[in-house]
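Position 1 is the first residue of the sequence; numbering continues from there. Predicted model, so just to flag it, every value in this text is computed and none were measured.
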Amino acid sequence: MITSKENSRVKYAKLVREGRVRDEIFVEGLRLCEEVLKAKIEVVDVLFTADIFEAERGNALIANFNDASEVSDKLFATISDTKNPQGVCIIAKRPKTGLKPENSLIVVLHQLNNPSNVGAILRTCEAAGVSGVILTKGTADAFSAKTLRGSMGASLRLPLLEKVDFEEVIEICRDQNLKTVCADIRAEKSYAEIDWTIPHALIVGAEANGLTENERGMCDESLKIPMREPVESLNAAVACGIILFEAEKFFHKP
């Protein structure tokens, strides 16, 4: 039998999952919930099913919370954002965001609205040692359930700055002496010809249309990824990965 308290917690979890509670995030799955603890993010609520105790890690996770609530598999399925729920979710305070004062390489995501792509890029940014990421207005939420899964928790660890206007991005980069570079199929230089020893901000445009003519004109330089015909473009996450691991050779060089 479902108590009124359990019902209230489940309803609230759904609101957070849907992005209707501004200052809180919905985190699902054993690994991501463990990342919340590692990142020392304030936890508001924890819901789980009995299945979580089948794994030693599950026992260890739940042991951290005095007020975690066990619910049935059927009820948890109404909360879950996945097809095969792992039986645990956390409602946590939205992490505070902000960039480091000095950045050798940052990435700017401009109006990328696919959360899976944004998550994949954030994961790649962390793997390549990027100093921070700026997400402009119109970009998918870095802390949505889908983005968190795609990022494998990188959203919780990377320095982020959210909901920034493009013009403000350019000002921030200039203030921090970051040279702005964007992808453009008409660019003369390839990604391997950019001087990555200089601090840069790599600007990645929306999946469908990229940057506008005016936005490209505001960037200091542009680059292209040479490709064999008839291919003209790559998925944003793939393109970002190619560029970042080229840049990483230089900005992390001893």
Side-chain angles (χ1 to χ4, degrees), residues 97-114 117-140 142 151 154-155 158-227 231-254:
T97 58
L99 294 181
K100 296 177 181 178
E102 296 181 0
N103 301 286
S104 55
L105 178 67
I106 68 168
V107 170
V108 178
L109 303 184
H110 182 46
Q111 297 184 344
L112 275 78
N113 55 24
N114 184 318
N117 261 355
V118 171
I121 292 174
L122 292 175
R123 185 180 181 185
T124 301
C125 286
E126 185 177 38
V130 168
S131 300
V133 180
I134 298 177
L135 297 89
T136 67
K137 293 177 180 177
T139 296
S151 76
S155 302
L158 277 169
L160 304 176
L161 192 60
E162 301 178 280
K163 298 183 179 180
V164 184
D165 289 319
F166 189 84
E167 292 79 6
E168 187 181 352
V169 167
I170 300 299
E171 291 178 8
I172 290 170
C173 292
R174 287 173 179 164
D175 289 344
Q176 296 200 20
N177 295 315
L178 293 165
K179 198 169 186 179
T180 51
V181 58
C182 66
D184 186 348
I185 58 173
R186 297 166 298 179
E188 295 183 2
K189 290 183 179 181
S190 81
Y191 68 99
E193 295 174 305
I194 300 297
D195 183 0
W196 295 110
T197 62
I198 298 171
H200 271 83
L202 172 63
I203 300 178
V204 183
E207 293 93 341
N209 303 312
L211 303 185
T212 66
E213 189 74 31
N214 182 55
E215 288 165 346
R216 287 194 296 269
M218 295 170 69
C219 297
D220 295 316
E221 56 185 343
S222 58
L223 60 78
K224 63 183 177 182
I225 300 175
M227 287 173 273
V231 179
E232 293 183 350
S233 64
L234 295 171
N235 169 277
V238 172
C240 195
I242 290 171
I243 296 167
L244 287 181
F245 278 97
E246 173 66 22
E248 192 271 344
K249 297 175 187 177
F250 301 95
F251 72 82
H252 279 161
K253 190 173 181 179

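- Qualifying side-chain contact (heavy atoms from CB on, under 4.5 Å) partners for A183, counting only residues two or more places apart in sequence or in other chains: L223.
- Checked against side chain to side chain donor-acceptor pair (under 3.5 Å), E193 has no partners two or more places apart in sequence or in another chain.
- Partners of S233 by side-chain contact (heavy atoms from CB on, under 4.5 Å), not counting sequence neighbours: none found.
- Here A127 pairs with F245 under the side-chain contact (heavy atoms from CB on, under 4.5 Å) rule; sequence neighbours left out.
- To the nearest 0.5 Å, the span separating OG on S131 from CD1 on I106 amounts to 8.5 Å.
- Judged by distance alone, with hydrogens and angles left aside, the side-chain atoms of W196 form no donor-acceptor pair with the main-chain N or O of L244 at under 3.5 Å.
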Inset, instruction - Could you check V133 against C125 for side chain to side chain contact (heavy atoms under 4.5 Å, CB included), going step by step and ending with a plain yes or no? - result: CA-CA 8 Å; V133 180; C125 286; 3.9 Å; yes
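- For T197, the side chain to side chain donor-acceptor pair (under 3.5 Å) partners two or more places apart in sequence, or in a different chain, are D195.
- With sequence neighbours left out, R216 forms a salt bridge (Lys or Arg N to Asp or Glu O under 4.0 Å) with D184, E213.
- Taking T180 as the reference, D220 meet the side chain to side chain donor-acceptor pair (under 3.5 Å) condition, with sequence neighbours excluded.
- E215 meets the salt bridge (Lys or Arg N to Asp or Glu O under 4.0 Å) test with no other residue; sequence neighbours excluded.
- Salt-bridge annotation for E126 and R123: absent, with no side-chain N of the basic residue lying under 4.0 Å from a carboxylate O of the acidic one.
- Among pairs with a residue in residues 233-245, none fulfils salt bridge (charged side-chain N to carboxylate O under 4.0 Å, His left out), at least two apart in sequence or across chains.
- I198 contributes atom CD1, which lies 7.5 Å from atom CD of E221 (distance to the nearest 0.5 angstrom).
- Rounding to the nearest 0.5 Å places CD1 of I185 at 11.0 Å from OG of S222.
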Sequence neighbours left out, cut at 3.5 Å: what donor-acceptor pairs do the side chains of residues 158-170 make with other protein atoms?
unit_1: E162; atom_1: OE2; unit_2: R94; atom_2: NH2; d: 2.8
unit_1: D165; atom_1: OD1; unit_2: K137; atom_2: NZ; d: 3.3

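- N214 pairs by the side-chain contact (heavy atoms from CB on, under 4.5 Å) definition with T212, M218, not counting sequence neighbours.
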